[in-house]
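The structure appears below as structure tokens.
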Protein chains: 2
Amino acid sequence: MVTITDISQRCNVSRATVSKALNGHSDINAETAAHIRQVAKEMGYLPNATARALKLGVSHNIGVLFVDKTSSGLSHEYFSQILESVKQEAERSGYDITFISRDIGAVPMDYYEHAKYRNCDGVIVASVDFTDPAVIKLVNSDIPTVTLDYVFDSCSAVLSDNVGGMAELVRYVYGKGHRKIAFIHGEITSVTQKRLASFHKTCAELGLTIPEEYIEAATFHDPKASGLATRRLLALKERPTCILYPDDFSFIGGMNELERQGVSIPGDISVAGYDGIPLSQVLRPRLTTYRQDAETMGREAARQLVEIIERPKEWIPRQTMVPGKLLEGDTVRTIE
Amino acid sequence: MVTITDISQRCNVSRATVSKALNGHSDINAETAAHIRQVAKEMGYLPNATARALKLGVSHNIGVLFVDKTSSGLSHEYFSQILESVKQEAERSGYDITFISRDIGAVPMDYYEHAKYRNCDGVIVASVDFTDPAVIKLVNSDIPTVTLDYVFDSCSAVLSDNVGGMAELVRYVYGKGHRKIAFIHGEITSVTQKRLASFHKTCAELGLTIPEEYIEAATFHDPKASGLATRRLLALKERPTCILYPDDFSFIGGMNELERQGVSIPGDISVAGYDGIPLSQVLRPRLTTYRQDAETMGREAARQLVEIIERPKEWIPRQTMVPGKLLEGDTVRTIE
DNA sequence: CGTGTTATCTTAATCGATTTCGAAAAGTCT
DNA sequence: AGACTTTTCGAAATCGATTAAGATAACACG
């Protein structure tokens, strides 16, 4: 591998001169610098990121912590989309992406230790159990952190507008004439809590009284759980006319249960999902769902993290709300 | 941050001794070593991966190159699953994962340069245009490489059994009584070529003559393209009784077109996909599709790469074929 | 002409960890 | 006791790049 030393020998200058020439310092003669850069190019010189990181204490490397309970992590489409856009934005700013985990090899580590060990300049945290002490340790540490869909006082957060999204969804189905609206939610996380709160608040604003039995618990990304929840709703004396699901995957599980029971969609019961995965608009009927703007969220998270890293002085924790968009499919019908 | 120097001062020994104690060298007294380890633990010492990488020339870092044409990269579920299992396996062996790309920041780089710059010990390559000179440069370089779904002489490869998969699929629908089998394929890649070849070969073995018009071109992961191809097939005088699609996403696009034209599935026409994405078994009707074992592929790729990295002497390029599995859904019917 | 200034380059320390080589002390053997 | 091993530890170099501080020469100015 070509190093600075190799170049310095070829050019008959010191290593310091080469380094300065390549980094555009002003105390190097313009011609000398040009020559050095020329030679460096010819020799195919590449700076060694490792050596640089060691000396400068800055790695130009961002850690991402994406782990969900099922450890399916990336299989959740919403998160793979976020990851992809985080990656693109980080790269544009000159940062690479490294996954953070526990226990790298045989060595037991927590997330913070792993990030430190790898000299990450910052970390983006998503799709984890935010009550995990290891996560809390990380976000409260000296490492700049941006969280996705969760707020800590100690760091910036990029949030999908769950409150606004749920409100829009409820108002939409209300506008279609629905009054008996049921909500199947995912496991209790901050996201679920926000959607639940927004659901109740919006219903109240619209003058709707939602019976307790209309609120059902399921699990994110779990068609079976939502199927069961759906069955419970169908068993009620007074069936809802519309059911909201925690995500599109669960949504489809619910639709299956409805069809199995001979309930037509949206003829007998209307349904809507959340996430707006690409497939939702390919399937027939097209799913009515609230699309979370994963791309913007990832980009925004990366942008903010880079800003914190590069301008730590001016930084104060900030929450950024990313709006989504209602995708009006064919699963909610108008009723009188 | 706690460094080796800090520990050496606390223990009144040299830095060399600390390093050796922590790495279990035999020329350190057992008691001394125990004490040093104890103190290191108390002080919360973490080795600095950067310094280590610089000195040892080994980063314990694996690059992954996942870029598809639409630069949607990870949005392709097959690849996010592979990535996830690559990550898990790599971590178990003590390796971290970093994404490789071009042009990190303002600096123009090719994949090889990027991997070198980051001191990657090896790279896993998938979902790229394998005719890209930058990719070819990488796989032919001194950096150990494992490719997914593509074979170079210069490196090991992990392959989904496209030949076997397609053969199984064809034989399955043949077994169901189908004789007029159409095949919509993705853009021409090595994967497509294998499936095409296997399709023809298997049909020939079964004594089937497939008219040219039954072979249609579309694009991977593109429901519109497959919809159009489907329309062309439906316009034929002699319609096929079964259509095979390049992947499940395209598959669904094709099904939509069929339904739009009032063709019932599988009553009028049978259909089958490829990939076996999780949703394929949640949707109703359940999709008949050939499931690629992404998890095994990722794990195998990581395992082999680690082996090449750690035992370069004994290594010879090897191809590993990972079998998939036919998921028998409800989209292929039996005909007399 | 002496002093100060500027432009240009080098020396050497540094980041944190590893490792070669050697040194000192302790033990072993004849 | 003298010679030789073995055990245990440390000094110093090293990986590649950066940078503070210093050196040298050219130049300007009163």
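Side-chain atoms are counted along with the backbone in the values below, which use heavy atoms only and exclude waters and symmetry mates. What you see is a predicted model, and the numbers here were worked out from it, not measured in a lab. Below, read A as the first sequence line, B as the second, and so on, with proteins coming before strands; counting in each chain starts at 1.
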Next item on the list: Can you tell me the distance, in whole Å, between the CG atom of B:Asp6 and the C1' atom of C:dA17?
Entry: 13 Å
Notebook entry, point to check: Taking atom P of C:dT19 as reference, at what distance in whole Å does atom CD1 of B:Ile4 sit?
Noted result: 11 Å
Notebook entry, point to check: For the pair made of CD1 in A:Ile7 and C1' in D:dA17, what is the distance, rounded to whole Å?
Noted result: 11 Å
Next item on the list: Could you tell me whether the side chain of B:Asp149 and the main chain of B:Ser160 form a donor-acceptor pair under 3.5 Å?
Entry: yes
Checklist line | Nucleic acid contacts of residues 43-56 of chain B, taken as heavy-atom distances under 4.0 Å to DNA chain D | finding: B:Leu54, B:Lys55
Next item on the list: Step through the shown structure and confirm whether more than 12 heavy atoms of other residues, nucleotides or ligands are within 6.0 Å of CG on A:Asp153.
Entry: no
Check: Is the shortest heavy-atom distance from the side chain of A:Arg10 to the side chain of A:Asp6 under 4.5 Å?
Finding: no
Note to self: Based on the rotation axes of five pairs at each end, what angle does the helix from C:dC1-D:dG30 to C:dT30-D:dA1 bend through, to 10°?
What the structure shows: 60°
Check: With no hydrogens and no angle check, is any side-chain donor or acceptor of A:Ser85 less than 3.5 Å from a backbone partner on A:Arg299?
Finding: yes
Check: Hey, are the side chains of A:Cys155 and A:Thr147 touching, using non-hydrogen atoms and a 4.5 Å cut-off?
Finding: yes
Next item on the list: Rounded to the nearest angstrom, tell me the gap between atom OH in B:Tyr117 and atom P in D:dG16.
Entry: 16 Å
Check: Only one of B:Asp142, B:Asp110, B:Asp121 forms a salt bridge (charged side-chain N to carboxylate O under 4.0 Å, His left out) with B:Lys116, so which one is it?
Finding: B:Asp142
Check: Which residue, A:Val123, A:Ile143, A:Asp132, A:Val139, forms the side chain to side chain contact (heavy atoms under 4.5 Å, CB included) with A:Tyr111?
Finding: A:Asp132
Margin query: Would you call the rings of B:Phe66 and B:Phe79 parallel, tilted or perpendicular, taking 30° and 60° as the class edges?
Written below: perpendicular
Margin query: With a 4.0 Å cutoff (strictly under), does any side-chain N or O of B:Thr32 reach OP1 or OP2 of D:dT8?
Written below: no
Notebook entry, point to check: A:Asn29 side chain N/O closer than 4.0 Å to the phosphate oxygens (OP1, OP2) of C:dA7?
Noted result: no
Notebook entry, point to check: If you look at every strand shown and take non-hydrogen atoms under 4.0 Å, does B:Ser19 touch a base, only sugar-phosphate, or nothing?
Noted result: base
Notebook entry, point to check: What is the distance, rounded to the nearest whole Å, between atom NE2 of A:His25 and atom C1' of D:dA21?
Noted result: 15 Å
Margin query: A:Glu89: which residues meet the salt bridge (charged side-chain N to carboxylate O under 4.0 Å, His left out) condition with it, sequence neighbours left out?
Written below: A:Arg92
What are the atom names and distances for every N/O pair under 3.5 Å that joins the protein to nucleotides 10-12 of chain C?
from	atom 1	to	atom 2	distance (Å)
C:dT10	OP1	A:Ser14	N	3.4
C:dT10	OP2	A:Ser14	N	2.9
C:dT10	OP2	A:Ser14	OG	3.0
C:dT10	OP2	A:Thr17	OG1	2.4
C:dT10	O4	A:Lys20	NZ	2.7

Notebook entry, point to check: Residues in ring-ring contact (aromatic ring centres under 6.0 Å, His included) with A:Tyr95, at least two apart?
Noted result: A:His60
Checklist line | Separation of atom CG in A:Asn119 from atom P in C:dA17, rounded to whole Å | finding: 10 Å
Margin query: Run the ring-ring contact (aromatic ring centres under 6.0 Å, His included) test against B:Tyr117 and tell me which residues pass, sequence neighbours left out.
Written below: none
Note to self: Taking the six-membered ring of A:Phe99 as reference, does the cationic atom of B:Lys87 (NZ for Lys, CZ for Arg) lie under 6.0 Å from its centre and within 45° of its axis?
What the structure shows: yes
Item checked: 5' priority, DNA chain D, between A:Leu22 and B:Val18 [closest heavy atom] -> B:Val18
Next item on the list: May I ask you to evaluate whether A:Asn23 reaches the phosphate of D:dT18, defined as a side-chain N or O under 4.0 Å from OP1 or OP2?
Entry: yes
Checklist line | Rounded distance in Å - CZ (A:Arg118) to P (C:dG16) | finding: 17 Å
